[in-house]
Undergrad: 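Sharing a structure with you now.
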Amino acid sequence: MKKTVILLTSAALMFATAAGTISAKPGNTPPGKTSNAASSKGPKEKEIRNEEPQTEEAEASDTTSKEEDQVKDSTSTETENTNDNSTDKVDSKNKGHKGLLNAIQNVEDKPAGAVLANILLTEYAAELTDEQQKQLEAIIEKDKALEAAAGMLETNGSVTDAVYLQEEAIQANFKNLDLYKTMGKLYEKAGKKNGVKLYVNGEASDAEPFVKKGNTYVPFRAIAEALEAEVIWNPEKRSITVTKDGVSIQLLVGSKTATVNGKKVSLDAPATVTKGNTYVPVRFISEALNATVKWESESQTVVVYEEEAYR
């Protein structure tokens with residue numbers, strides 16, 4: 001968690017620095033100004049822009065304070081004339097949410113943006129339009145925020161750190177297959193092997209799946225244990241028994257038939273042992289362990305998850 005916070009902070013600083021650098025380029029002469037006039041203001045403007053990322057929160061606070069002062073002045077007048085305290089409170093709330101909406105425009109793609117968005121949605125929902133609510137909900141979606149931060153790190157050349165944050169994004173929303181596409185591209189850029197990959201409830205597995213004669217095989221024991229099932233291997237019978245939530249599954253290596261609670265179930269292909277792991281056709285996982293199995297073709301990733309784990 002600490003590493004994630006550090007990387008998010010680094011990404012935010014990269015973004016702020018890049019914004020300041022672009023705005024300070026010599027060629028950015030404002031319309032109606034000569035290049036000399038623009039250049040004379042350049043250093044001062046650059047100094048101001050460089051200070052903006054450090055003072056965004058203070059400016060937002062000042063804006064809110066000023067608006068609150070205005071509200072107090074206006075409400076005191078209204079109180080003297082009408083003695084309507086309820087109107088004063090409504091007006092103050094409206095002013096407060098407008099100040100936060102203005103402030104969030106400067107930090108919506110940073111961690112602070114998610115904090116402000118959450119405050120607006122929880123405290124000022126009645127004052128927001130449907131479109132504003134949708135925009136704020138998008139800001140606080142953790143997976144998108146982490147993926148955006150990973151993208152900034154990648155652009156800056158920190159591919160290893162980008163991979164770390166992308167893994168955090170997958171764990172935040174492991175049902176989003178687009179996140180695995182991005183991870184595949186990061187793996188390729190980082191020089192990692194591009195074989196078939198496996199994720200169970202958002203966690204990457206060390207045991208890699210493989211494709212044989214048109215069937216995708218996945219490591220049965222690794223998936224079962226990741227789904228918190230009890231696994232027992234019988235070397236004499238070359239069988240594996242898995243128990244989870246009252247369901248007992250027995251599988252024989254080399255057989256196309258498994259037993260689930262005493263009933264025979266056919267496999268697309270026989271179970272096999274590779275590198276010390278028992279592999280089964282991927283469809284058997286969904287049938288036997290009641291898990292959802294998805295295939296993301298672009299990154300060649302097998303995605304296995306339980307609906308209960310997502311909630």
Side-chain angles (χ1 to χ4, degrees), residues 1 4-20 22-23 49 51-72 74-75 86-155 162 165-183 202 307 309-311:
M1 181 65 184
T4 302
V5 173
I6 292 172
L7 292 178
L8 284 172
T9 304
S10 300
L13 289 174
M14 289 175 192
F15 178 81
T17 303
I22 292 171
S23 63
R49 291 179 183 274
E51 291 176 357
E52 283 177 355
Q54 301 174 12
T55 59
E56 286 168 353
E57 196 170 19
E59 289 174 357
S61 177
D62 290 340
T63 301
T64 305
S65 297
K66 290 178 181 178
E67 290 172 346
E68 289 177 348
D69 290 337
Q70 293 173 0
V71 172
K72 290 179 180 178
S74 63
T75 53
S86 61
T87 302
D88 297 342
K89 291 178 180 179
V90 171
D91 188 51
S92 177
K93 195 170 185 179
N94 287 338
K95 292 287 186 179
H97 100 272
K98 288 179 180 178
L100 289 175
L101 284 174
N102 289 332
I104 203 171
Q105 293 179 10
N106 297 319
V107 294
E108 64 179 42
D109 56 347
K110 302 174 187 177
V115 175
L116 291 180
N118 186 59
I119 293 173
L120 281 162
L121 286 171
T122 54
E123 301 294 331
Y124 301 96
E127 283 73 36
L128 300 172
T129 65
D130 290 342
E131 184 62 28
Q132 287 174 331
Q133 289 189 28
K134 289 179 181 178
Q135 292 175 352
L136 292 171
E137 287 168 358
I139 290 174
I140 63 176
E141 288 183 11
K142 187 179 178 182
D143 58 329
K144 290 184 178 180
L146 288 165
E147 186 172 36
M152 284 189 277
L153 289 170
E154 177 195 4
T155 301
L165 279 189
Q166 191 64 23
E167 288 176 346
E168 292 283 313
I170 288 174
Q171 290 171 19
N173 185 5
F174 48 72
K175 294 172 70 173
N176 185 353
L177 296 185
D178 288 337
L179 296 175
Y180 300 94
K181 290 182 182 179
T182 303
M183 179 60 86
E307 291 291 343
Y310 185 73
R311 298 190 183 102

Undergrad: Show the nearest heavy-atom pair for residues A169 and E147, with the distance to one decimal.
TA: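 Between these two residues, the closest heavy atoms are CB-N, 4.1 Å.
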
Undergrad: Among residues at least two apart in sequence or on other chains, which ones pass salt bridge (Lys or Arg N to Asp or Glu O under 4.0 Å) with E154?
TA: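 Applying salt bridge (Lys or Arg N to Asp or Glu O under 4.0 Å) to E154 gives K189.
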
Undergrad: Could you report the tightest heavy-atom contact between A150 and A162, atom names first, then the distance?
TA: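 Here A150 and A162 meet closest at O-CB, 3.3 Å.
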
Undergrad: What distance separates L120 CG from L136 CG, expressed to the nearest 0.5 Å?
TA: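 If I round to the nearest 0.5 Å, the distance is 5.5 Å.
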
Undergrad: Provide the closest heavy-atom pair for Y180 versus F174 in the form atom of the first, atom of the second, distance.
TA: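 So the minimum-distance heavy-atom pair works out to OH-O, 2.8 Å.
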
Undergrad: Drop me the distance from D178's CG to N173's CG, to the nearest 0.5 angstrom.
TA: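 One gets 10.0 Å once the value is rounded to the nearest 0.5 Å.
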
Undergrad: Just verifying a value: how many Å separate E167 CD and L146 CG, rounded to the nearest 0.5 Å?
TA: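 These two atoms lie 11.5 Å from each other.
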
Undergrad: Looking only at atom types and distance, does a side-chain atom of Q166 sit under 3.5 Å from a main-chain N or O of L179, one as donor and one as acceptor?
TA: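 Yes, the answer is positive, given that a donor and an acceptor are paired below the 3.5 Å cut-off.
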
Undergrad: Side chains of T155 and M152: does their closest heavy-atom pair fall under 4.5 Å?
TA: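 The answer is no, as the side chains (C-beta and beyond) never meet within the 4.5 Å cut-off.
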
Undergrad: Nearest 0.5 Å please: distance from the CD atom of Q135 over to the CD atom of Q133.
TA: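 Rounded to the nearest 0.5 Å, the CD-CD separation comes out at 11.0 Å.
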
Undergrad: Enter the distance from L100:CG to E127:CD here, rounded to the nearest 0.5 Å.
TA: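 The distance works out to 11.5 Å.
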
Undergrad: How far apart are the closest heavy atoms of G202 and I170, and which atoms are they?
TA: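 What the structure gives for the nearest pair is O-CG2, 3.8 Å.
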
